[in-house]
Each structure stands twice: as C-alpha cells, then as structure tokens.
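Here is the structure we will look at.
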Amino acid sequence: MEARLKELEQQAKDEIYQANTSDELEKVRVKYLGKKGELTEVLRGMGSLSAEERPLVGKVANIVRENIENALQEAKGEIKNKELQAQLQKESIDVTMPGKKVRLGKKHPLIKGMDELKDIFISMGFQVAQGPEVETVYYNFDALNAPQNHPSRDMSDTFYINEDTILRTQTSPVQVRVMENKKPPIRIISPGRCFRNDTPDATHSPMFHQLEGLVVDKGITLADLKGTLEVFAKHFFGDQTKIKFRPHNFPFTEPSAEIDASCFKCEGAGCSMCKGSGWIELLGAGMVHPNVLRNCGIDPEVYSGFAFGMGIDRLVMLKYGVDDIRLFFENDMRFLNQF
Ligand code: 2NL
C-alpha cells in the first residue's frame, strides 16, 4: 500500500509538471485529491489494514497528500506567472511604431495669391481694410461718382437684394468708408470678394476677387502712382518687369489709365502668354476724382490721391498658368493639390 501511495505521488507530480494551464492543473488536482480522487480511493482501502499498519500508512498518506499539494501550489504559481507574461506580451503596444499620418490642409491657390499680393503692399506701408460684401447702392456707385445711367448699375450686371442694397461689384466701397471715417494720410488696400451678374465661362465667374489700393495725402501725384505700381509689378512678376500706362476712363478717377506689365515669360518679345504683344494687362488706376473726395468729406483743394484696382483671380491664373477661372471654385482636390 505504501508502494502504491509513492507510485501515486510520482504519477501526480509527473502530470503536474506537464500541465500548461490553470485548467489542466485543476483537472490534475481533482483527479488525485478530489472526493472521488485516486488518493481518496487508496485511503478508503485502509479499512482492511491491521491496527499496527494503519497509523504508519496514514502517516505516509498524509506526506504524499502534502507533497502533491505543494507540487500543485508551486506549479500554480509558475503557470499564473507564465499566463500573465503571455497576456502582457499579447496586449503590449510598440510605442516606437510610426503613428497614423495627420494630413495637413493648405491654402487655396487664390488665398495664397491674395496673401502674396497683400504682402507686397504691406511691405510698402499699406494697411489692409475690410468692409461688407452686402453693400448699399450709395457706397458701391453714388459715392464713387458713377452716373445714374451707368450700365454697371443695371440689374443685368449687378445682384440687387432690394432697390438700394446690392452685392458689392468691387471693393471700392471699403475705401469710401475709410475716407469717411479717417483723415488723410490714408494708405490702404482692400482685398476681397466681389459679385457680378456674369454667366460663368473660362474668364468670368459671378463671384471673383479684387484688390484695390488707395493713397490720399497732400501733394500726391501721378508720379507716386507710377512709382508704386512699378515696385508692385517688379515684386510680383520679377525685377526685369516694365510697366506702361494706356489712357482709359473710370467714373471714380481722373485721369484714368490701364496699366500693362511687360510679359514675364518672354520679357516683351511676344509669346503665347501675352498673345504676341509682349504686354500683359495688369490693372486699372488713376487719380481719385475730386467728386469722390468731396463725397467722402475730403477737400480736393487740399488733398489729392491715387487709386488702383486689380483682379486677383486673373493675376493668379496668369502667374500659375491656370486657364479656367472656374477651376478655383470647383474644389476638385486634383486641381487644388497642385499648389
Ligand atoms: C479695375 C479698375 C480701379 C479704382 C479701381 C478707386 C477707389 C476709390 C476712388 C477711386 Cl475709393 N478709385 N478704385 C480706381 C481705378 C481703377 O479698378 O480694372 N479693376 C479690376
């Protein structure tokens, strides 16, 4: 019987060492130490032993039980530790792995171009002025000396909200508001959105962008306008750029001119960019009409000024070789990502 007990101990130990999980270990415990376990089975047979043998075998049986219990305890600790390590391994995070890429947005080409234009004038001491896109007929036309019958006032050219409220067709009303509120010297630019009732095509959009400039002070002359625009053209198109004035007519300036820049691509020789002429239309400008100054409460006998206006969309198209203004407003990422 003693030998049978020792054999059981060895058998149990072998199985304990082979167990790999808590579950397997528990099965071994039940198999040997459980109520219907093998050790219990052997002990049940002790009834047939003699009175001298019984305590001796009982002692061995207790030692065997203790040894099995100890082996189980030890194995349990080891398995618990192994299982914890496995779990930690499975759930571990590699903090050195590259993270998910955050895709940064970027400026729309028009805003990029507008910022570039603004920076040129800011470097010459201009301040940026802003105003409402929904304007009154007074600020958009009347104050700017536009005759009552001027075609640009027509409903076919201008978006009317009601009889005296419109979407501004230029950013000049911003400058009228500044002149009303501030004494010269004034040196401002007004970049922003404008609206005209045009049918969209490659060169027209009912919503477009303008940048206007205005300088008012004592003794401002056409020479100041020329110098300012020359510096601007050289900054925007390159140092070799020349400009020329062509006579023109605007209601808000007198005299008025359209200004061309020598072609930045062929430097004046004539190419596809400038349609063979060597010149590219840059902007419109002139000396502020005395009526406009008067309308804004500035005495034209004391002060004079120059003003200019350019189409931002057109200039950005020229510079980046965009052949259709509508591309700016379609929000096609294949187009926008090129800038
Ligand atoms: C063009 C021409 C121009 C102005 C805008 C202006 C503003 C005031 C007074 C006088 Cl407050 N003039 N603005 C002057 C001449 C031309 O724009 O072709 N723009 C795209």
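Numbering of ligands and ligand atoms starts at 1, following listing order. Since we're looking at a predicted model, the values are computed, not measured. Note: hydrogens, waters and symmetry copies are ignored here, and every other heavy atom, side chains too, is used.
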Checklist line | Per-atom contacts, ligand 1 versus Gln175 - under 4.0 Å to a heavy atom | finding: 7 (C), 8 (C), 11 (Cl)
Notebook entry, point to check: Would you say Val176 has any N or O atom under 3.5 Å from an N or O of ligand 1, going by distance alone?
Noted result: no
Margin query: Within the 3.5 Å criterion, strictly below it, is a donor on Asn140 or Thr169 matched to an acceptor on the partner's side chain?
Written below: yes
Note to self: Clusters formed by hydrophobic residues whose side-chain heavy atoms approach within less than 4.5 Å: which one holds Ile63, and what are its other members?
What the structure shows: none
Notebook entry, point to check: Is the closest side-chain donor-acceptor distance between Glu180 and Tyr139 under 3.5 Å?
Noted result: yes
Note to self: Just to be sure I read this right, does ligand 1 sit under 4.0 Å from the backbone of Leu144, its side chain, both, or neither, counting only heavy atoms?
What the structure shows: side chain
Check: How close does the nearest protein non-hydrogen atom get to atom 6 (C) of ligand 1, and which residue and atom is it?
Finding: Ala307 CB, 3.4 Å
Next item on the list: May I ask you to list the atoms of ligand 1 that are less than 4.0 angstrom from any heavy atom of Met179?
Entry: 11 (Cl)
Next item on the list: Just let me know how Phe250 lines up against ligand 1, side chain, backbone, both or neither, with a heavy-atom cut-off below 4.0 Å.
Entry: side chain
Note to self: Under a 3.5 Å distance rule, please check whether Lys234 uses its side chain to pair with a backbone N or O of Thr241 as donor and acceptor.
What the structure shows: yes
Notebook entry, point to check: Which of the atoms in ligand 1, numbered in the order shown and given with their element, are less than 4.0 Å from a heavy-atom of Gly309?
Noted result: 1 (C), 2 (C), 3 (C), 5 (C), 16 (C), 17 (O), 18 (O), 19 (N), 20 (C)
Next item on the list: Using the salt bridge (Lys or Arg N to Asp or Glu O under 4.0 Å) rule, take Glu78 and Lys82 through it: C-alpha gap first, then chi angles, then the decisive distance, then the call.
Entry: CA-CA 6 Å; Glu78 269 170 31; Lys82 238 172 31 193; over 6 Å; no
Next item on the list: Can you spot which of Asn291, Thr253, Asn295 makes a side-chain hydrogen bond (donor to acceptor under 3.5 Å, both in side chains) with Asn145?
Entry: Asn291
Item checked: Region of Gln210 that comes within reach of ligand 1 [heavy atoms, distance under 4.0 Å] -> side chain
Margin query: Please check whether Glu212 reaches ligand 1 - meaning an N/O of the residue sits under 3.5 Å from an N/O of the ligand, judged on distance alone.
Written below: yes
